[in-house]
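What you are looking at is a predicted structure, and each value in this text was computed from that prediction instead of being measured.
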Amino acid sequence: MLELKFVRSNLGDIKEMMKIRGYDLDISGFETLDQERRGKLSVLEGLRHQRNRVSEDIAAMKKRGEDASSIITEMKEVSSEIKGKEKELPGILKKLNDLLMVIPNIPDESVPVGKDENDNPVIRTWGEIREHDFAPRPHWEIGEELGILDFECAAKLAGSRFAVYRGAGAKLERALISFMLDIHTNEHNYTEILPPFMVNAASMVGTGQLPKFKEDLFKVEGWDLYLIPTAEVPVTNIHRDETLSGEDLPIYYVAYTPCFRSEAGSYGKDTRGLIRQHQFNKVEMVKFVRPEESYDELEKLTRNAEEILRRLELPYRVVSLCTGDLGFSAAKTYDLEVWLPGQDLYREISSCSNFIDFQARRAGIRFKRGGGKGTELVHTLNGSGLAVGRTLVAILENYLQGDGSVAMPEALKPYMGGMESISAT
RNA sequence: GGAGAGAUGGCCGAGUCGGCUGAAGGCGCUCGCCUGCUAAGCGAGUGUAGGGCGCAAGUUCUACCGAGGGUUCGAAUCCCUCUCUCUCCGCCA
């Protein structure tokens, strides 16, 4: 969410910004609403002021034993006038707020202008693509043949876009989660969090999933609870409506959670395999930092995510999302794309974003500098480190051997109980 | 699920029969003074949001004592609903 004052004085720039982001949003009602709100508010406050003053007089008169009944009848009118006016305000406020809630964040100056993902510039590329004398294959074939992935069974249990992992496949997923968490906690200084996998609406509003992206979420029937679409939601909301002390910053959290997404609007996309599921595992890094450090922290965060791919020796590249591809709340985002030989393309496996004060304002996350007075909004960042299911996909496709087995990355072997490779049983 | 207790500022904790309580007192913190040594003492300050005025420092008004509603000229104080926490019982992994 942007600041009301900022929107008021930068309306033209905001319209321009939404255009380069590819947002078609009508905010023309803003000015009228804002003025209406201010007008009514000042009238109302004047009346309340009067009421407060006279109330004091009444109290004083009563103390002296005087008769205040004539003023009291007079104040009855003022009071009912206040009540009438008080009823008008919430409606205006809500409309204004609704408008404010759907305005996206302002992209950082360094974000390239572009229309869609084809305009995302590649920042760097890492790793050697393995050459083989056999044809690469997609992971769903590899997984089903090895008996470690079962989509048919998942369809019976839940429907499409789910998977059952079996045997070494289940173990590999679990190994990846531990591997990632260990690196981020032991080497990158993150504190591990295991949050609730369901949250209330207030949390969803705090990180921006609501009200704009309601249709992407699974809601629990009869409860004010939603399945989290990413650990970003519970973990960022840990500090919702809190004022942190300056010495606490920066705060680094890492959390493994399953993620639940309706994937409404992606019918027919990535229907095969593990790429796009209603439920998938992810290890997520979340940072709360001082404003002046947030862009350095974004670089570090991205490197932390890259480190996982390097240890697993998976080729990847880093792209910078252009204005047209940038998410709603982000000011700047780097995507990590891993090489998938079975599909002959680079595929997003991590998204690292700086939200600057956008989420913090919405969620009320502030801090106080030592010695300073007043509070400031923190800057929040988050990034996948990494999407676990897609990492498993990358391992299956990149480590496929000529005999149909899949070798284990060196770094993962300890987590797999020394297993050298997965072969059909 | 049943019975009871509670929810006040960064923290602890007062708020009497509704009326100078944005809220006593304490702690913490900040600044200054004092003190020749990390102690103690003294003084001042110390919430958030929104509006008006001001170039600004600032100033002024309004709101906020878990949330929402009600009673009243006036509510942290009375009434209702909800949420959460705690204790006891039941149930359960």
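- Under the Watson-Crick and G-U wobble criteria, each requiring two contacts below 3.5 Å, nucleotide B:C91 is left unpaired.
- With a cut-off of 3.5 Å on both Watson-Crick or G-U wobble distances, the partner of B:C65 is given as none.
- Following rounding to the nearest Å, A:R53 (CZ) and B:U60 (P) show an atom-to-atom distance of 14 Å.
- Here the side chain of A:R8 is nearest to one of B:G51, B:C73, B:U62, namely B:G51.
- OP1 or OP2 of B:G52 sits under 4.0 Å from a side-chain N or O of A:R38.
- For A:F260 and A:F197, the ring centers sit 6.0 Å or farther from each other.
- We find that CD of A:Q35 is positioned 18 Å from P of B:G50, with the value rounded to whole Å.
- Judged by distance alone, the side chain of A:R261 and the main-chain N or O of A:D216 form no donor-acceptor pair under 3.5 Å.
- Pairing partner, B:U77: none, since no Watson-Crick or wobble contact has both distances short of 3.5 Å.
- Contact check, A:S79 against B:U72: no side-chain N or O comes under 4.0 Å of OP1 or OP2.
- Residues A:Y190 and A:N304 bring a donor and an acceptor atom of their side chains to less than 3.5 Å of each other.
- Rounded to a whole angstrom, the distance from the C1' atom of B:A57 to that of B:A39 is 38 Å.
- For A:E45 against B:G50, a side-chain-to-base donor-acceptor contact under 3.5 Å is present.
- Within 4.0 Å (heavy atoms only), A:R361 reaches no atom of the nucleic acid at all.
- The C1' atoms of B:G47 and B:U8 are separated by 13 Å, rounded to the nearest whole Å.
- Distance check: A:I123 CD1 to A:L336 CG gives 11.5 Å after rounding to the nearest 0.5 Å.
- Nucleotides B:C84 and B:C91 place their P atoms 23 Å apart, quoted to the nearest Å.
- Across all strands shown, B:G25 forms a Watson-Crick or G-U wobble pair, both distances under 3.5 Å, with B:C12.
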- Could you walk me through whether A:S351 and A:D335 pass the side-chain hydrogen bond (donor to acceptor under 3.5 Å, both in side chains) check? CA-CA 4 Å; A:S351 198; A:D335 269 10; 2.7 Å; yes
Tabulate protein N/O versus nucleotide N/O from nucleotides 65-71 of chain B, keeping only pairs under 3.5 Å, one per line.
none

- Query: What string of B, S and - do you get for nucleotides 10-24 of chain B, 5' to 3', if B is base contact, S is sugar-phosphate-only contact and - is no contact with any protein heavy atom under 4.0 Å?
  - Reply: ---------B-----
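- An OP1 or OP2 oxygen of B:G74 is reached within less than 4.0 angstrom by no side-chain nitrogen or oxygen of A:N52.
- Taking atom NZ on A:K40 and atom C1' on B:U62, their separation rounds to 18 Å, with Å as the unit.
- Nucleic acid contact class of A:K5 (heavy atoms, under 4.0 Å, all strands): sugar-phosphate only.
- Base pairing annotation: B:C33 forms a Watson-Crick or G-U wobble pair with B:G41, both donor-acceptor distances under 3.5 Å.
- Nearer to the 5' terminus of RNA chain B, by closest-nucleotide assignment, is the contact made by A:G46 (compared with the other of A:G46 and A:M75).
- Using C1' as the reference atom, B:U59 and B:G54 are 8 Å apart when rounded to the nearest Å.
- Going from the C1' atom of B:C33 to that of B:A40 covers 14 Å, rounded to whole Å.
- When A:E144, A:R390, A:R272, A:E397 are each tested for a side chain to side chain donor-acceptor pair (under 3.5 Å) with A:H139, only one passes: A:E397.
- Counting heavy atoms of neighbouring residues, nucleotides and ligands inside a 6.0 Å radius, atom NZ of A:K15 exceeds 12 of them.
- Note on residues 148-160 of chain A: pairs passing salt bridge (charged side-chain N to carboxylate O under 4.0 Å, His left out), not counting sequence neighbours, are A:D150-A:R166.
- A 6.0 Å sphere centred on CE of A:M61 holds more than 12 heavy atoms belonging to other residues, nucleotides or ligands.
- Straight-line distance from the CG atom of A:L93 to the P atom of B:U62: 19 Å, rounded to whole Å.
- The closest donor-acceptor contact from the side chain of A:N186 to the backbone of A:D182 lies under 3.5 Å.
- Applying the Watson-Crick and G-U wobble criteria (two distances, each under 3.5 Å), B:C20 pairs with nothing in any strand.
- Between B:C61 and A:H49, no contact under 4.0 Å exists linking OP1 or OP2 to a side-chain N or O.
- For residues 194-206 of chain A, proximity to RNA chain B is found at no residue, defined as any non-hydrogen atom under 4.0 angstrom from a strand atom.
- Rounded to an integer number of Å, the gap from CG of A:D34 to C1' of B:G50 is 11 Å.
- The interatomic distance linking A:L100 (CG) with B:A49 (P) rounds to 15 Å, in whole Å.
- Rounding to the nearest 0.5 Å gives a distance of 4.5 Å between CD of A:E192 and CG of A:L181.
- Between B:U48 and B:G43, the two P atoms lie 26 Å apart (nearest whole Å).
- Phosphate proximity of B:U72 to A:R51: absent, as no side-chain N or O sits under 4.0 Å from OP1 or OP2.
- Here, B:A67 and B:G10 have their P atoms 13 Å apart, quoted to the whole Å.
- Residue pairs satisfying the side-chain hydrogen bond (donor to acceptor under 3.5 Å, both in side chains) criterion with at least one member in residues 43-53 of chain A, sequence neighbours excluded, are listed as follows: A:R48-A:E86.
- B:C86 is paired with B:G4 under the criterion used here, namely a Watson-Crick or G-U wobble arrangement in which both key atom distances are under 3.5 Å.
- Using atom P as the reference point in both B:G22 and B:G9, the two lie 16 Å apart (nearest Å).
- Between A:E74 atom CD and B:G74 atom P the separation is 14 Å, expressed in whole Å.
- Close placement of the A:H239 and A:F288 rings is indicated, their centers lying within 6.0 Å of each other.
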Could you list the donor-acceptor pairs under 3.5 angstrom formed by side chains in residues 167-176 of chain A, with sequence neighbours left out?
unit_1	atom_1	unit_2	atom_2	d
A:E173	OE1	A:Y165	OH	3.2
A:E173	OE2	A:N281	ND2	2.8

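- No more than 12 heavy-atom neighbours from other residues, nucleotides or ligands sit within 6.0 angstrom of CD on A:E77.
- Between the CD atom of A:E36 and the C1' atom of B:G51 there is a distance of 16 Å, given to the nearest Å.
- For B:U71, there is no paired base (Watson-Crick or G-U wobble, both distances below 3.5 Å).
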